[in-house]
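Single-structure report; data block below.
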Protein chains: 2
Amino acid sequence: MVEARVTTLADVAALAGVSVATASKALNNRQQVAPTTRQRVVEAAEQLRFRPNTLAKSLLTGRSGTIGLVTHDLDGRFSIPVLMGVEDAAGTGKMSALLCDARGDSLREAYHLQALLGRRVDGLVVVGARPDPRESLGRLPVPVVYAYAPSLDPEDMSVTVDHEAGGRIGVEHLIACGRSRIAVISGDPAYGAAHQRATGALAALGAAGLAPWGGEVLFGSWTESWGRSATEMFLARPDARDAERGIDGILCGSDQIARGVLDVLRERGVAVPREVSVVSHDNWELFATGSRPQLTSVDMHLEDLGRRAANRLFEAIEGRATPGIDVVPSSLVMRESSLPTG
Amino acid sequence: MVEARVTTLADVAALAGVSVATASKALNNRQQVAPTTRQRVVEAAEQLRFRPNTLAKSLLTGRSGTIGLVTHDLDGRFSIPVLMGVEDAAGTGKMSALLCDARGDSLREAYHLQALLGRRVDGLVVVGARPDPRESLGRLPVPVVYAYAPSLDPEDMSVTVDHEAGGRIGVEHLIACGRSRIAVISGDPAYGAAHQRATGALAALGAAGLAPWGGEVLFGSWTESWGRSATEMFLARPDARDAERGIDGILCGSDQIARGVLDVLRERGVAVPREVSVVSHDNWELFATGSRPQLTSVDMHLEDLGRRAANRLFEAIEGRATPGIDVVPSSLVMRESSLPTG
DNA sequence: TTGTAGGCGTTATCAT
DNA sequence: ATGATAACGCCTACAA
């Protein structure tokens, strides 16, 4: 399709036979213009498919109506929902989002930052690849909100997840299901989240006077394969399936891990949820609902997190900045892998 | 963090004790400025952390250095790699991308379109939620490239996937593995891709003088659950595991379907790939490598598709538009679920 | 080598 | 009610 020339307000004014000033007022619903004139201008604008040049307005107002979105794993599982939330919050207003993928590289991040600031974004949302706290970008000419991965500087604005609470919620649910011999399979120990979830789980167990089955939390990776290995390790213990002392619940660090767990349990003829109840983290629909049985999982509400980040940013842009970390509570999504009560 | 005031070229010029014109020349490496002056200007710029206002330049040049990205399923599996490719191609240059999620809603799409055109994007990439052809946006003031979902108008620029070839490739590989009794489990019949992949598969079978095992291609949905059901239907046939006439290969419409297929085959004690080889589509790493055995899968090279879309758009922006559909070839990624030869 | 002036498209102010 | 004009920040002739 060939491009047509871009029409300007001057074109509209000319066609309507008025000055640009009048045309501007007419189109912006200023009250100092005759109805008939306004009508003529509006028609001219429509006829010419006039679309005001936001850039010119921005130059004048100093506001671009644009925010910068810096992500660190566009291909990852966690950035996307956050981005959606941000986009959602922005879309409902008149904000647009410039997207950049820095891929965990701080040089690339710096480069993109320059480009965004040059485009005079009104603010920035920086989405981390992993939940671990990150370096602050420091003092910038526009407000910044750190999403998912909070900033190390408490004076910055961050919105993140309470992984410890996630672990707690998972265990509490298992206990509520009447389980007391609960094994905990966490993920990659290089991630703070793996430890925090474990800590929360241990706390909940402790509060009920329990200890994790097998004596300790297992760390590995966020993969199905690790879920399978860990489960096999557990089942290899002589008392694993003992009616009195065997496992009756498993908390997994992610849906993928849980997926591996379920596969092995099925192979070994362990009934889920009757014999062993399973709860996992992330509530990744695809994994959680594709499995048999479907997974009960802790949802981090990442899209909500993104929306909050955006809204906090908008407030900061309006001059009402709120330093500190905002924690979005997780919640449990119940499915078949854990039966409430028995 | 508190915001600092934004510095302008005038500030730099003032600090350096020159006119804005000279400052501009100095910073843009124009050759008509004394080295010492340039030095002073550069230092002033650095000291003030000067960052030229791209918007002002855009107003002047008529180029915003920005492209609009309209996606229809940010949460979906297929948009993201395409977006990554686009972002990648843009990032290497000096283009930035404005991201919008229209969520399959054409009203929302129109709304976002207005916003993007108002921001004077230099061009647009429209990414479909599904591969089926879509309505053209028609004549717009900037070039548009349709990615993944091609435009119905052949005069538009589109970059898409050859699903038929994908189906063909899958079957040809199975045949090359020595398989001849190949069942085909496709996906949701509401998707053109489901039919095209099936058509390609049938063509390849026909070329080898074969017909699909069971007589026809099965359509269902893109889920694991459907993969399981379909497999059970096949295995329920009396000759399914006959050494002479039984299934020895399965082509699946997606990795998720294949996942379900593998699960049931394992449960029934069917050895993969020895007894039955399995090939699927999409090559979604997470699914393809998490399964046992890992999946041989047809990769659509979506990131490459995104890059191509972006590059074609950039060419069009430069005035070298190339109407028509560009098809990115798929290729096979071999893993354990299909053994080459036997 | 440096500075002055005009203009990009829009809005707001101030005349008319 | 309408229009002329300045201003936003920058770049590029052209003049000095």
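Every chain is numbered from 1 and lettered A, B, ... according to where its sequence line falls, protein lines coming before strand lines. As a basis for the values below, the full set of heavy atoms in this structure was taken, side chains included, without hydrogen atoms, waters or symmetry mates. Just so we're clear, the structure is a prediction, and the values are computed from it rather than from any experiment.
In summary, the side chains of A:E43 and A:Q47 do not present any donor paired with an acceptor at a separation below 3.5 Å, with no hydrogens or angles considered. Side chain to side chain, B:D101 and B:T71 fail the donor-acceptor criterion of an N or O pair below 3.5 Å. Side-chain contact check for B:S136 and B:D153: no donor-acceptor pair (N or O, by modelled atom type) lies under 3.5 Å. In the model, A:R63 has no side-chain atom that pairs as donor or acceptor with a side-chain atom of A:S58 under 3.5 Å. A donor and an acceptor atom, one from each side chain of A:R119 and A:T66, are nowhere located under 3.5 Å apart.
A heavy-atom distance below 4.5 Å is not found between the side chains of B:L313 and B:D122. Counting heavy atoms from C-beta on, the side chains of B:N53 and B:K57 never come closer than 4.5 Å.
The side chain to side chain contact (heavy atoms under 4.5 Å, CB included) with B:V328 is formed by just one residue from the set B:T160, B:L302, B:V159; it is B:V159.
C:dT2 atom C1' lies 11 Å from atom CZ of B:R40, rounded to whole Å. For the pair B:R30 CZ and D:dC11 C1', the computed distance is 8 Å after rounding to whole Å. Remark: P of D:dA1 and CD of A:Q31 are 9 Å apart, rounded to the nearest angstrom. For the pair A:Q32 CD and C:dC14 P, the computed distance is 12 Å after rounding to whole Å. Rounding to whole angstrom units, CZ of residue B:R120 and C1' of C:dC8 are separated by 12 Å. A:L9 places its CG atom 12 Å from the P atom of C:dA12, with the value rounded to the nearest Å. Atom CG of A:L27 and atom P of C:dA12 are 13 Å apart (whole Å). Rounded to whole angstrom, the span from the CG atom of B:N29 across to the P atom of D:dT12 amounts to 12 Å.
Side-chain N/O atoms of A:R38 include none lying less than 4.0 angstrom from OP1 or OP2 on D:dA1. Neither OP1 nor OP2 of D:dA1 sits under 4.0 Å from any side-chain N or O of A:T22. Taking side-chain N and O atoms only, B:S19 has no distance below 4.0 Å to OP1 or OP2 of C:dT2. Listed pair A:S24 / C:dA12 fails the phosphate criterion, with no side-chain N or O lying under 4.0 Å from OP1 or OP2.
Residues B:R308 and B:D326 are paired through a salt bridge, judged by an N-O separation under 4.0 Å between the basic side chain and the carboxylate.
The nearest heavy atom of DNA chain D to A:P35 and to B:A10 marks one nucleotide each, and the one closer to the 5' end goes with A:P35.
The residue B:A21 sits close to a base: some heavy atom pair falls under 4.0 Å. Heavy atoms of A:V18 sit under 4.0 angstrom from primed sugar atoms or phosphate atoms, though from no base atom.
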Only pairs under 3.5 Å count here: list side-chain donor-acceptor contacts from residues 108-118 of chain A, not counting sequence neighbours, and write none if there are none.
| from | atom 1 | to | atom 2 | distance (Å) |
| --- | --- | --- | --- | --- |
| A:E109 | OE1 | A:R134 | NH2 | 3.1 |
| A:E109 | OE2 | A:H72 | NE2 | 2.6 |
| A:E109 | OE2 | A:R134 | NH1 | 2.7 |
| A:Y111 | OH | B:G93 | O | 3.2 |
| A:H112 | ND1 | A:R108 | O | 3.4 |
| A:Q114 | OE1 | B:R51 | NH1 | 2.1 |

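In this structure, of C:dG3, D:dT12, C:dT10, it is C:dG3 that holds the atom nearest to the side chain of B:K25.
Interface residues of residues 51-59 of chain B facing DNA chain D, ordered by number: B:P52, B:N53, B:A56, B:K57; criterion, heavy-atom separation under 4.0 Å. Contact check of residues 60-67 of chain B against DNA chain D (heavy atom, cut-off under 4.0 Å) returns B:L60.
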